[in-house]
Amino acid sequence: MDGEGGTLEDLVREHLGPAVDDYDVEAVTADYREAVNARRSDTGMSLDENSDVIADGFIDDNPRELLDDAVFNTKLSSIIDLHRP
């Protein structure tokens, strides 16, 4: 996703930083994945639980750009706020 082979969970953990132990990382990651997938639903592309890309047929556009757009334009901080202890 970021060119380094990270997962959505890695991004969540990095964003949470020292507060990571205060959160249900699995739940935050699941909500983040759902939001990312919703942004890409029109392309037939989605992420599974392992952050692997699933394509429903041929993707006309650059899949990396589509995925990066969805990941980085989904408001992770807003999702984290929903899980604030």
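All residue numbers refer to positions in the sequence shown, counting from 1.
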TODO: For residues 72-85, pull every pair meeting side-chain hydrogen bond (donor to acceptor under 3.5 Å, both in side chains), keeping only residues two or more places apart or in separate chains.
DONE: Y23-R84, D31-H83, D69-N73, D81-R84
Task: Counterpart residues, side-chain contact (heavy atoms from CB on, under 4.5 Å), relative to S46 (two or more places apart) - done: N37, I54
TODO: Heavy atoms only: give me the nearest Y32-I79 pair and the separation to one decimal.
DONE: CA-CD1, 3.7 Å
- [ ] Could you grab the distance from atom CZ of R39 to atom CZ of F72, nearest 0.5 Å is fine?
- [x] 12.5 Å
TODO: With sequence neighbours excluded, tell me which residues meet side-chain contact (heavy atoms from CB on, under 4.5 Å) with V25.
DONE: E9, V12, R13, L16, V20, T29
Task: Residues in side chain to side chain donor-acceptor pair (under 3.5 Å) contact with D22, at least two apart in sequence or another chain - done: none
- [ ] Please answer whether the main-chain N or O of E65 pairs with a side-chain N or O of D68 as donor and acceptor at a distance below 3.5 Å.
- [x] no
TODO: Begin from the C-alpha positions of V71 and L67 and carry the test side-chain contact (heavy atoms from CB on, under 4.5 Å) through to its verdict.
DONE: CA-CA 6 Å; V71 168; L67 184 57; 4.1 Å; yes
Open item on the list: Per the salt bridge (charged side-chain N to carboxylate O under 4.0 Å, His left out) rule, what does the pair list look like for residues 41-50, sequence neighbours excluded?
Closed with: none
Open item on the list: Rounded to the nearest 0.5 Å, what separates atom CD in E14 from atom CG in L76?
Closed with: 10.0 Å
Task: Minimum heavy-atom distance M45-L66, with the two atoms named - done: CE-CB, 3.5 Å
- [ ] Just jot down the side-chain contact (heavy atoms from CB on, under 4.5 Å) partners of D56, sequence neighbours excluded, or say none.
- [x] none
